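Computed from a prediction, not measured in an experiment: that's the story for all the values here.
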Amino acid sequence: MGDEGREAVDSVFQIICLQTQSQGTGFLLDSGHVVTNAHVVEGAVAGGIMAQSSRGEQVNFSNKTVDPDRDLAVLEPIEEPSDGLGLEFNTDFAVGAQVSTWGFPIGHSGPSPLLSVGYLSGFSQERTSSGPVKQLVVNGAFNDGNSGGPLFLSESDGVIGVVVAKHAPFTQFQHSALEALANNQTGVGFTAEDEHGNEHQFSESQIVADLMQRFISLTQVMIGYAVDASELADFLDENDILYNA
């Protein structure tokens, strides 16, 4: 692994939210802040979020700032880690350029993040209540847990985007139906034990919803999305956070 790849790996963290049990990926900016997705840390206070580095370092946080429309979050470490990654702006990215990300997909817990490689296949805009959000469309394997990871052009350690989602061919109606099943506590009941030995009560429909959600999370269409680095830069500027580009 070259020096550029090593620097990227050392700047990537597994994000663990102790309250919500949500997990994802984050990365260290040269400002000393850690960036991830807003949906990764949703419902968690800063003190309940932990980051683990590939070198075994544990980082705790004193503050979090989120932008739900851009799906970005900036975490402020209690003790500022060294080094970090800069942002790279380039409006001339060519479709077909090779891109990569490091992250912790599908329950991978390290110690080192996993590399995913793909190609820039296009551009899009996500419509939000505060306006359009620029996104990069990637032909590559993004999975649950890759959320919040840095996207790079190959042979570069400048961040061109933040991995935010993978494309899944399910309608809003189907997601709403799953949510209704997950919230239904009536019907035949069961007791199940989790991996920590704790017992939980489930209704039949909740078990079906949990299993279906797991299958959905494993569905892989080779199209994923990353928030453009310019959106991250705007978010940082709005919160007076300095960075290099």
Under the side-chain hydrogen bond (donor to acceptor under 3.5 Å, both in side chains) test, which residues partner N37, sequence neighbours left out? none

Which salt bridge (charged side-chain N to carboxylate O under 4.0 Å, His left out) pairs, counting each pair once, include a residue from residues 235-245, with sequence neighbours left out? R70-E238

Whether over 12 other heavy atoms sit under 6.0 Å from L115 CG: yes

Sorted by chain and residue number, the ring pair (Phe, Tyr, Trp, His ring centres under 6.0 Å) partners of F104 (sequence neighbours excluded) come out as H108

Go through the structure and list residues passing side-chain hydrogen bond (donor to acceptor under 3.5 Å, both in side chains) with E88, not counting sequence neighbours. S156

Listed by chain and number, what are the side-chain contact (heavy atoms from CB on, under 4.5 Å) partners of D69, not counting sequence neighbours? D67, T128, S129, S130

Could you pull out all residues at least two apart from S62 that satisfy side-chain hydrogen bond (donor to acceptor under 3.5 Å, both in side chains)? none

Partners meeting side-chain contact (heavy atoms from CB on, under 4.5 Å) with T191 (sequence neighbours left out): E199, Q201

Tell me every residue that passes salt bridge (charged side-chain N to carboxylate O under 4.0 Å, His left out) with E79, counting only those two or more places apart in sequence or in another chain. none

Between L136 and L151, is the side-chain contact (heavy atoms from CB on, under 4.5 Å) condition met? List the steps. CA-CA 10 Å; L136 306 175; L151 188 71; 4.0 Å; yes

Sub-4.5 Å side-chain heavy-atom contact between F89 and L87: yes

Got a donor-acceptor contact below 3.5 angstrom from the E231 side chain to the K134 backbone? yes

Answer yes or no: does atom CD of E57 have more than 12 heavy-atom neighbours from other residues, nucleotides or ligands under 6.0 Å? yes

Exercise answer: donor-acceptor pairs, residues 116-125 side-chain atoms, under 3.5 Å, sequence neighbours excluded:
residue: S121; atom: OG; partner: V137; partner atom: O; Å: 3.2

Tell me, please, which residues at least two apart from Q185 pass side-chain contact (heavy atoms from CB on, under 4.5 Å). Q206

Tell me, please, which residues at least two apart from E204 pass salt bridge (charged side-chain N to carboxylate O under 4.0 Å, His left out). none

Can you sort out the partners of D83 under side-chain contact (heavy atoms from CB on, under 4.5 Å), two or more places apart, ordered by chain and number? none

